[in-house]
Amino acid sequence: AASLCMYTGKPQRALDYAKAGAALEHDERFEPFEIWWSRMFDLSTHVGVGEPDRALEIATAMTTEPDPVRVWGLVQKLYVLRSAGQTAEAMDIADETLAAAKALGNPFLIASCFAGYGRAFAETDPKRAQAAWYEGLDYSRQHRMWLWETVMARDFAGLEAEHGDIDTALELAQTSIDSSIR
């Protein structure tokens, strides 16, 4: 979790902590932590410091693990593919990933998947992205997933500003701001 110090403006420390945490996974002096959590923090750190290709490598490796790690990997892969310039690949796995996330039933993971789903289609099929984000925003509110409400409302606002209605874009931007301070 210390790798999240990237949010406080310390990206090198974040990378160092992520590497240290990954190294401890196999240290017999420590009780193992949920493997998907340590991988997800490592992956998030690489996204946060602008290394989507490394994040994609981690997510792809996670998809080779048994469930639930595989599903976490799929969702993270869906979210990161667009940042790595692989939008077509994201679209190819979007439906499978959403179904897998829903089957696993973890609200954080499902909300994250809606965010990634919308990102996958935002450039090529804005209507499909809008539909995913509408559903994802509703789901996030129902499950009090403010982080994902913030992220989806922000991304959705940008899409609306470009392809839709400016008043809706402004409302979504305000939703993002309001969600981020809950």
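Here the structure is a predicted model, which means the values were calculated and not measured. Residues: numbered from 1 along the sequence shown.
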Practice task
Give the cluster check for W146 versus F108: same hydrophobic cluster or not, with ILVMFWY residues linked at side-chain heavy-atom distances below 4.5 Å.
Solution key: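 Different clusters.
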
Practice task
Check the hydrophobic clustering (I, L, V, M, F, W, Y; side-chain heavy atoms under 4.5 Å; chains of links allowed) and say if Y134 and M145 are grouped together.
Solution key: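 They do share one cluster, since a chain of ILVMFWY contacts under 4.5 Å joins Y134 to M145.
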
Where is the tightest heavy-atom contact between [X] and [Y], given as atom of each residue plus distance?
| X | Y | value |
| --- | --- | --- |
| S83 | P52 | O-CG, 3.6 Å |
| M152 | A111 | CE-O, 3.7 Å |
| L172 | A153 | O-CB, 3.5 Å |
| A55 | L43 | O-CD1, 3.4 Å |
| Y79 | A115 | CE1-CB, 3.9 Å |
| A129 | L159 | CB-CD2, 3.8 Å |

Could you tell me the separation between the [atom1] atom of [X] and the [atom2] atom of [Y], rounded to the nearest 0.5 Å?
| X | Y | atom1 | atom2 | answer |
| --- | --- | --- | --- | --- |
| K10 | Q12 | NZ | CD | 13.5 Å |
| T63 | L74 | OG1 | CG | 6.0 Å |
| R82 | F121 | CZ | CZ | 12.0 Å |
| L81 | T87 | CG | OG1 | 8.0 Å |
| I110 | L98 | CD1 | CG | 8.0 Å |
| R119 | L78 | CZ | CG | 9.0 Å |

Exercise for the section: Answer yes or no: does atom CZ of R144 have more than 12 heavy-atom neighbours from other residues, nucleotides or ligands under 6.0 Å? Expected result: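 Check fails, neighbour count at 12 or below.
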
Practice task
For S140 and G136, indicate whether the former's side chain and the latter's backbone hold a donor-acceptor pair under 3.5 Å.
Solution key: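 Pair found, side chain donor or acceptor close to backbone of G136.
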
Problem - Donor-acceptor contact below 3.5 Å, side chain T60 vs main chain L56 - result: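 It does hold such a pair.
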
Exercise for the section: Determine the interplanar angle of the Y139 and F114 rings, folded into 0 to 90°, and report it as parallel if under 30°, tilted if 30 to 60°, perpendicular if over 60°. Expected result: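 If you compare the ring of Y139 with that of F114, the planes turn out tilted.
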
Problem - Side-chain ion pair, R70 and D67, N-O less than 4.0 Å - result: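 Salt bridge between R70 and D67, a charged N being under 4.0 Å from a carboxylate O: yes.
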
Exercise for the section: Carefully, step by step, assess Y117 and D95 under the rule side chain to side chain contact (heavy atoms under 4.5 Å, CB included). Expected result: CA-CA 8 Å; Y117 198 105; D95 290 322; 2.5 Å; yes

Problem - Validation row: L15, E51 side chains within 4.5 angstrom (heavy atoms) - result: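 Yes, side chains in contact.
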
Problem - Test item: W72 and L109 side chains (from C-beta on) under 4.5 Å apart, heavy atoms - result: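 Yes, at least one pair of side-chain atoms sits under 4.5 Å.
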
Exercise for the section: List the steps, then state whether salt bridge (Lys or Arg N to Asp or Glu O under 4.0 Å) holds for R128 with E135. Expected result: CA-CA 11 Å; R128 194 165 175 182; E135 187 176 352; over 6 Å; no

Practice task
Sequence neighbours left out, what pairs pass side-chain hydrogen bond (donor to acceptor under 3.5 Å, both in side chains) with at least one residue falling in residues 147-158?
Solution key: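 Every side-chain hydrogen bond (donor to acceptor under 3.5 Å, both in side chains) pair that includes a residue of residues 147-158, provided the two are not neighbours, is R141-E149, E149-S179.
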
